[in-house]
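Worksheet: one structure, shown below.
The model shown is predicted, which means the values in this text are computed figures rather than measured ones. Because only heavy atoms are used, hydrogens play no part in the values below, and waters and symmetry mates are left out as well, while side chains stay in.
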Amino acid sequence: QVQLVESGGGLVQAGGSLRLSCAISVRAFSFYTTAWFRQAPGKEREFVAAHSWTGGVTYLADYADSVKGRFTISRDNGKNTVYLQMNSLQPEDTDIYYCAARARESRQYEFWGQGTQVTVSS
């Protein structure tokens, strides 16, 4: 059974940084597309960033416009872990952040973490 366990959320002041981690128990992790989404209560889930294998040792990172230049998604295949480094955080980044993963051939994210709260104070 695939499990995703997030960590690293918390409370930070505006302008600060946090790094989220997501450990994913899946075989062939290096070939999976991993992503971060966020959601506030009563709102739709929003895409934040994705990290996908494009061949060899190359990966492609994709970001929502709202986080480009501030957030960085990366992975450590040896640890089956994906990260989201968040810099220059703003109050509007306050949300529950979810880690997700899908097999390369899948069109939808099949596996989700439980979410971790990020709160940015002004």
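Asp93 has its side chain out of reach of Pro91: every pair of non-hydrogen atoms, C-beta onward, lies at least 4.5 Å apart. Contact annotation: the side chain of Gln117 never approaches that of Asp95 to less than 4.5 Å [non-hydrogen atoms, C-beta and beyond]. The closest side-chain heavy-atom distance from Asn87 to Thr72 is not below 4.5 Å. Using a 4.5 Å heavy-atom threshold, the side chains of Ile73 and Gln85 count as separate. Between Cys99 and Val82 there is a side-chain heavy-atom pair separated by less than 4.5 Å. Under the 4.5 Å side-chain criterion, counting only non-hydrogen atoms from C-beta, Arg75 is in contact with Thr34. Between Tyr97 and Glu6, every side-chain heavy-atom pair lies at or beyond the 4.5 Å cut-off.
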Decide yes or no on side-chain contact (heavy atoms from CB on, under 4.5 Å) for Val48 and Leu84, but give the supporting numbers first. CA-CA 9 Å; Val48 175; Leu84 185 67; 4.1 Å; yes

Test log, rule ring pair (Phe, Tyr, Trp, His ring centres under 6.0 Å), inputs Tyr63 and Phe47: CA-CA 8 Å; Tyr63 299 94; Phe47 168 77; 8.4 Å; no

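Residues His51 and Ala61 share a closest heavy-atom pair of CD2-CB, 4.1 Å. Smallest separation of non-hydrogen atoms from Trp53 and Thr58: CD1-O, 3.6 Å. When all heavy atoms are compared, the tightest approach of Ile24 to Ala101 is CD1-CB, 4.1 Å. Between Gly9 and Leu20, the closest heavy-atom pair is N-CD2, 3.6 Å.
The cationic atom of Arg45 (NZ for Lys, CZ for Arg) lies less than 6.0 Å from the six-membered ring centre of Trp112 and within 45° of the ring axis.
In this structure, the side chain of Thr94 engages the main chain of Val120 through a donor-acceptor pair within 3.5 Å. In this structure a side-chain-to-backbone donor-acceptor pair under 3.5 Å is present from Arg70 to Ser88. With hydrogens and angles disregarded, a donor-acceptor distance shorter than 3.5 Å links the side chain of Asn80 to the backbone of Val26.
By the rule that hydrophobic residues join a cluster once side-chain heavy atoms approach within less than 4.5 Å of another member, Phe29 and Val2 end up as members of one cluster. No continuous path of ILVMFWY side-chain contacts below 4.5 Å connects Leu18 to Tyr83, so the two sit in separate hydrophobic clusters.
For the atom pair Tyr59 OH and Thr33 OG1, the distance stands at 9.5 Å (nearest 0.5 Å). For the atom pair CD1 (Ile96) and OG1 (Thr116), the distance works out to 9.0 Å, reported to the nearest 0.5 Å. Expressed to the nearest 0.5 Å, how far CE of Met86 lies from CH2 of Trp36 amounts to 8.0 Å.
Remark: the Thr81 side chain and the Asp76 side chain contain no N/O donor-acceptor pair separated by less than 3.5 Å. For the residue pair Tyr32 / Asn77, no side-chain donor-acceptor distance below 3.5 Å is found, with atom types taken as modelled.
The residue from Gln39, Glu46, Arg38 that alone fulfils the side-chain contact (heavy atoms from CB on, under 4.5 Å) condition with Tyr98 is Gln39. A side-chain hydrogen bond (donor to acceptor under 3.5 Å, both in side chains) with Ser106 is found for one member of Arg102, Glu110, Gln108 and no other, namely Glu110.
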